[in-house]
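Okay, structure first, notes after.
Lettering follows sequence order; numbering is per chain, from 1. When reading the values below, keep in mind they use all heavy atoms of this one structure, side chains included, and skip hydrogens, waters and symmetry mates.
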Amino acid sequence: MIARLIVSGFPDVEDADIQCTVPPSPELGDVSVPMFQLAKKLRKPPVVLAKEVADSVDFSAIAESVSLAGPYLNLILKRDYFAKQLFSRAFAKKEKWGSNASGAGKKVLIEHTSINPNASPHVGRGRCAMIGDSLVRLLRFEDYDVDVHYYVNDMGRQIALLVLMMEELDNPTFDEILEIYVKANVRAEADPEFAARGYELLARIESGDEEIRKRFFDITEMCLKGQLAVLQRIGAQYDFFDHESNYVNDPRLSVIEKALQSKGALFTDEEARLVVDLSKLGYPLEEGRFFVLRRANGSSMYGCRDLIYSIEKQEKGADYNLMVLGEDHKLYAQQLALILEAAGYPAPETIYYSYILLKEGKMSTRSGKVVLLTSVLDQAEAIALEKVTEQFPDLAGAEREDIARQVAVAAIRFAVLRVKPSKNVVFDMETALSFQGDTGPYIQYCCARIRSILRKWDQALPDLSSCAFAFDEEGEWRLVLKVADFPDIVKEALLLRSCAGIGNYLIDLAHVFTTFYHQCPVLTAKTEVQQESRILLCALVLQTLSNGLALLGIETPERM
RNA sequence: GCGCCCAUAGCUCAGUUGGAUAGAGCGUCUGCCUCCGGAGCAGAAGGUCGCAGGUUCGAGUCCUGCUGGGCGCGCCA
């Protein structure tokens, strides 16, 4: 809007040349337009240009006043006008307020989580699920048509070892699998014969042994079910489950092999393995130059199956093909991309996240050094339930439990999602179970307070068209300005493929609201105009917070 | 050894495309429940933005080198 006004007065200037920022101090104005970039383009000193713009552009439609601070143009907005625009736009969109609808008509395929079907997921695996799931919610919010895929790694060494262990056990439950898995790995380490039997199973399953295949299927389905039950607790949703075992001996592999051969990138090494030499495809380094497709006994490697799977995903024809991967897969994904591109298939867009570490060091499912997602959730729920029971002893037990569940999910999802995926995080149970300060429950609490006010108001919201929107006090005006940022925050999150910025914005917004809450009485406001304005503002903040939290997969209880 | 990622207050993290005085929370200290919900609020203390150079009107942000941590580097997935 401001940009458009400036553009109209200056030829050769585009909207994109102008960006608005928030002045460092509210006394300077509501919106600030730095002139640096535009000055460069027009080859004028920023300070001179600022004066020129201030003199020649008429901001009176939107701004109370315009002032100059060196190279900055600071505007004080017409509060009632600005608020009316904002409120009517936001209330028209409701659950969609904040969406820029940038994905309308576009299709996205995204794969995430894809845990090996062995043990109960630890918090590190949960990070992938939460990042992926939130991205899905963000994309759908922006009107993309999204299909969520989960790759079930139902083949490979680790499953083979589990299958072997099962021979000696009597129908173990999912909860016992972690222990069995750890034992299997210790045993394979110590007993090469045991490990060899595992590889043998893999070769047999690929040659079509139905009995072995069924044994693999039974164990992986049991594990998958157990894992999904946990993932469901944190709200992760999937549309399709693609089984790795469906991608062995696929005819599409010959397309790839032909392409690699024509580039001289495929060879059989001295130990009879089928190997890709990536240096022939433009890979620049010695380290990571080779990529093994098949073992000497002819059985396929993980990457071989994954190539076919990648092609299948690509063939579904989505506008965007995304996958969320741990940082340990970076080189692997790069290698895969080179091979796919050599065969004429575009590679998926990858989103990486770093590991969650423990104070004692890194987690490892293989060695059993893990903090399980279930254990964090259980503890968080127990603490939340205690608190809710103390506060609302009259609520039905089921309702209290539901609130506790929502609070627990908020605590863990928010703690994980608000930090940038590129950062290693050190998991600390005490911090994860804290509901104070910059946490998910704090934002939920903020929502519960607003709901409480709206319950007490107990009548229809004031009419937008007749409301005068008086926001004279700093506390309420700052809140209006903060809410107005929401669509840009969403846009930026989409661009960065990360919801972390949304989490941090919501914390900010919740803080600004709570300051307002303590400064500006709503139900007992002095004038009717003020009361109506504030009620509407409360409703708008609630809509913004709950829309934002929904993107993070966090619900907002009516009371807590 | 080589490559990628990370380093901001005692701790956990924000910090827009390079822009005005680097911000929150936890912890510490001081106040605040006759007042719309104290899972809260107001305030204080706490910083050579890992180190050293460079680019420029201007660097936490970009470039180079170094240090420390994470990840990876041919029959794991």
Side-chain angles (χ1 to χ4, degrees), chain A residues 16 19 21-25 28 32 34-37 45-46 69-72 74 114 116 153 155-159 199 244 269 271-277 284-297 299-303 305-306 326-332 334-335 352 354-355 357 362 366 384 387-388 391 407 415 418-420 422-426 428 430-431 434-439 441-446 448-457 488-489 492 496 500-501 503-505 507-508 511 514-515 517-525 534 538 559-560:
Chain A
Q19 43 198 295
T21 59
V22 181
S25 149
L28 290 170
S32 176
M35 288 291 146
F36 300 103
Q37 218 174 84
Y72 293 93
N74 294 325
S114 303
N116 287 337
N153 305 131
M155 287 191 62
R157 199 187 96 107
Q158 82 286 1
I159 304 302
Y199 285 119
E244 185 181 347
D269 74 358
E271 290 169 61
R273 294 170 291 199
L274 187 64
V275 182
V276 184
D277 180 357
L285 303 170
E286 187 56 32
E287 298 77 18
R289 174 182 161 190
F290 297 107
F291 188 90
V292 177
L293 288 178
R294 287 186 186 281
R295 300 182 178 95
N297 71 3
S299 65
S300 62
M301 294 281 290
Y302 174 81
R305 278 123 37 198
D306 205 11
E327 61 173 341
D328 53 330
H329 284 67
K330 261 186 182 171
L331 173 60
Y332 169 75
Q334 197 187 340
Q335 294 172 324
Y352 298 105
S354 293
Y355 278 21
L357 309 171
K362 39 192 138 166
R366 201 163 288 192
K387 220 156 182 177
V388 176
Q391 202 139 3
V407 171
R418 70 173 297 218
V419 335
K420 276 184 302 197
S422 60
K423 282 191 116 133
N424 278 126
V425 306
V426 177
D428 172 37
E430 205 180 319
T431 310
S434 162
F435 304 152
Q436 286 171 12
D438 289 356
T439 63
Y442 169 80
I443 304 173
Q444 287 178 314
Y445 181 71
C446 190
R449 280 176 146 178
I450 298 175
R451 290 212 151 97
S452 171
I453 292 176
L454 295 177
R455 273 198 305 274
K456 286 183 179 141
W457 170 252
D488 282 343
I489 298 292
E492 164 131 348
L496 297 175
N504 288 305
Y505 166 78
I507 273 291
D508 266 6
H511 277 135
T514 319
T515 301
Y517 179 85
H518 285 272
Q519 260 174 26
C520 308
V522 178
L523 299 173
T524 56
R534 288 178 182 175
C538 281
R559 58 196 98 218
M560 61 185 276

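Using N1 to N3 plus N6-O4 or O6-N4 for Watson-Crick, or N1-O2 and O6-N3 for G-U wobble, each under 3.5 Å, B/A42 pairs with B/U30. Pairing for B/G3 goes to B/C71, judged as Watson-Crick or G-U wobble with the two contacts each under 3.5 Å. Pairing for B/U64 goes to B/A52, judged as Watson-Crick or G-U wobble with the two contacts each under 3.5 Å.
Scanning all heavy atoms of the two residues, the minimum distance from A/Gln436 to A/Lys387 falls at NE2-NZ, 4.4 Å.
Here the side chains of A/Phe291 and A/Val275 are not in contact, with every heavy-atom distance at 4.5 Å or above.
At the phosphate of B/C41, OP1 or OP2 sits under 4.0 Å from a side-chain N or O atom of A/Tyr442. Distances shorter than 4.0 Å separate none of the side-chain N or O atoms of A/Lys423 from OP1 or OP2 on B/G69. The side chain of A/Arg451 places no N or O atom within less than 4.0 Å of a non-bridging phosphate oxygen (OP1 or OP2) of B/G37.
Between the CG atom of A/Asp328 and the C1' atom of B/C6 there is a distance of 16 Å, rounded to whole Å.
Applying the 90° criterion around 0 to the glycosidic angle, B/C33 comes out syn.
A/Glu286 contributes no side-chain N or O that forms a donor-acceptor pair with the base of B/C2 under 3.5 Å.
B/G53 and B/U12 have their C1' atoms separated by 31 Å, with the value rounded to a whole Å.
If you run side-chain contact (heavy atoms from CB on, under 4.5 Å) between A/Glu492 and each of A/Ile489, A/Asp488, A/Leu496, only A/Leu496 comes through.
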statement: Counting primed atoms, P, OP1 and OP2 as sugar-phosphate and everything else as base, the B/S/- map of nucleotides 18-33 of chain B against protein heavy atoms under 4.0 Å is -BB---BS--------

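Side-chain atoms of A/Ser300 and A/Arg305 include a donor-acceptor pair closer than 3.5 Å.
Stacking of the aromatic ring of A/Phe435 onto the base of B/A39 is not found under the criterion of centres within 5.5 Å and planes under 30°.
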